There are 2 protein chains.
Amino acid sequence: MTAQKMAVLRALQEAGPTHPTAETVYALAKRHLPSIALGTVYRNLSKMSESGEIVKIPVPDGPDRFDAEISDHMHILCVCCGKIYDIDEKNVRVEISGVPEGAELLHFDIMAKCKCPDCKSKN
Amino acid sequence: MTAQKMAVLRALQEAGPTHPTAETVYALAKRHLPSIALGTVYRNLSKMSESGEIVKIPVPDGPDRFDAEISDHMHILCVCCGKIYDIDEKNVRVEISGVPEGAELLHFDIMAKCKCPDCKSKN
DNA sequence: CTTTAGATTAGGAATGATTCCTAATCTTGT
DNA sequence: ACAAGATTAGGAATCATTCCTAATCTAAAG
């Protein structure tokens with residue numbers, strides 16, 4: 001456990017439910033550890049999301065986002081402003097059949113899209 | 001309707017259910033129209049997916065894939081070899097609640113992940 | 001069948017996100 | 001304290017994709 005990894009984790013926790021990009025995590029982490037490098041942030045985010053300590057959220061047409069909240073939940077993205085909301089897993093049900101013969105289903109990435117309240121009113 | 005757009009569409013149709021990348025579409029299109037440029041392929045794929053003529057499939061940690069089949073269906077990706085299978089929409093049911101107050105739900109991107117039969121046996 | 005305005009193209013440079021490289025530094029177990 | 005291995009900073013490199021520009025093509029109107 002290095003100071004850099006702690007700084008990344010702390011930054012992600014401070015970000016709360018804003019689902020920051022790696023760049024944003026970098027900016028936040030720099031406040032506590034000004035010497036930290038962007039590559040270090042990427043590497044720690046990658047490793048932690050592989051190990052399950054955090055969650056990586058791939059976004060079509062945009063940089064990946066990250067989440068310190070690892071409880072089972074899905075995300076809903078505002079296509080106008082890019083804000084990401086959490087939706088608790090118990091509010092989602094997915095049923096699927098017709099999976100190819102012999103394939104082992106591993107898991108789902110569900111990314112819903114919406115126009116968020118702010119963007120609806122601004123529009 | 002230009003020769004380039006036709007070549008892209010034709011390439012995508014020839015690719016069948018292989019869900020090719022833009023690079024692969026480029027290679028296929030070049031066979032019929034050797035002068036076509038990669039940027040032209042990207043632009044035509046973008047425009048056609050925006051207009052709904054084709055489908056763009058964003059893949060986490062990989063280049064986008066494309067599909068000439070526009071009937072409502074979802075995709076399942078083998079995490080080992082990157083192959084993408086189609087799953088008919090009628091085999092999928094998604095129910096969701098707890099959408100943020102005032103948000104307008106637009107649609108879902110569902111990308112399931114599996115280990116495909118080939119990869120299971122090779123393993 | 002010309003004209004012409006607007007769209008599209010080829011080719012390559014530029015961008016954005018991310019990974020890779022290397023020497024230097026740190027961490028951890030002993 | 002010390003060696004072995006992991007991690008870091010900094011920057012170069014990579015990959016997918018978009019952007020730029022002058023040249024070419026398309027389609028609609030005469």
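Values below: every heavy atom of this structure, side chains too, minus hydrogens, waters and symmetry copies. Owing to the predicted nature of the structure, the values given are computational and were not obtained by experimental measurement. Here is the naming used below: chain letters follow the sequence lines, and residue numbers restart at 1 for every chain.
As judged by a 4.0 angstrom heavy-atom cut-off over every strand, B:Thr21 is placed among residues making no nucleic acid contact.
Here A:Lys47 reaches the OP1 or OP2 of D:dT7: one of its side-chain N or O atoms lies under 4.0 Å away. When the side-chain nitrogen and oxygen atoms of B:Thr40 are compared with OP1 and OP2 of C:dT9, none of them lie within a distance under 4.0 Å. In this structure, A:Ser46 reaches the C:dT19 phosphate: one of its side-chain N or O atoms is under 4.0 Å from OP1 or OP2. Considering only side-chain N and O atoms, A:Tyr42 lies nowhere under 4.0 angstrom from the phosphate OP1 or OP2 of C:dT19.
A straight line from CG of A:Leu33 to P of D:dT7 spans 16 Å, rounded to a whole angstrom. Taking atom NZ of residue B:Lys30 and atom C1' of nucleotide C:dG11, one finds them 11 Å apart after rounding to whole Å. Here the P atom of nucleotide C:dT9 and the CG atom of B:Leu45 are 11 Å apart, to the nearest Å. Between B:Glu23 atom CD and D:dT14 atom P there is a gap of 15 Å when expressed in whole angstrom units. The interatomic distance linking A:Leu38 (CG) with C:dA17 (P) rounds to 10 Å, in whole Å. The nearest whole Å value for the distance from the CG atom in B:Leu9 to the P atom in C:dT8 is 15 Å. Rounded to a whole Å, the CZ atom of B:Arg43 is 16 Å from the P atom of C:dG12. For B:Ile57 and D:dT17, the CD1 to P distance is 13 Å, given to the nearest whole Å.
From A:Leu12, atom CG reaches atom CD of A:Glu53 across 11.0 Å, with rounding to the nearest 0.5 Å. A distance of 7.5 Å separates CG of A:Asp86 from OG of A:Ser71, quoted to the nearest 0.5 Å. Annotation: the span from B:Cys116 atom SG to B:Lys122 atom NZ amounts to 7.0 Å, rounded to 0.5 Å.
For the residue pair A:Glu23/A:Thr21, the side-chain donor-acceptor check at 3.5 Å is not satisfied. Side chains of A:Asp88 and A:His73: no donor on one and acceptor on the other come within 3.5 Å.
Side-chain proximity of B:Asn44 to C:dT9, D:dT17, C:dA10: nearest is C:dT9. Checking D:dT17, C:dA10, D:dG10 against the side-chain heavy atoms of B:Ile36 singles out C:dA10 as nearest.
Closest-nucleotide positions on DNA chain C for B:Asp61 and B:Pro34 were compared, and the one nearer the 5' end corresponds to B:Pro34. Residue-to-nucleotide proximity on DNA chain C shows that, of B:Ser35 and A:Arg65, the 5′-proximal contact is made by B:Ser35.
Counting only heavy atoms from C-beta outward, the side chains of B:Met111 and B:Ile57 approach each other to under 4.5 Å. In this structure the side chain of B:Asp118 never reaches within 4.5 angstrom of the side chain of B:Cys81, judged on heavy atoms.
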Please write out the pairs of protein N or O atoms and N or O atoms of nucleotides 22-28 of chain C separated by less than 3.5 Å, giving the distance to one decimal.
unit_1, atom_1, unit_2, atom_2, d
C:dT28, OP1, A:Met1, N, 3.4

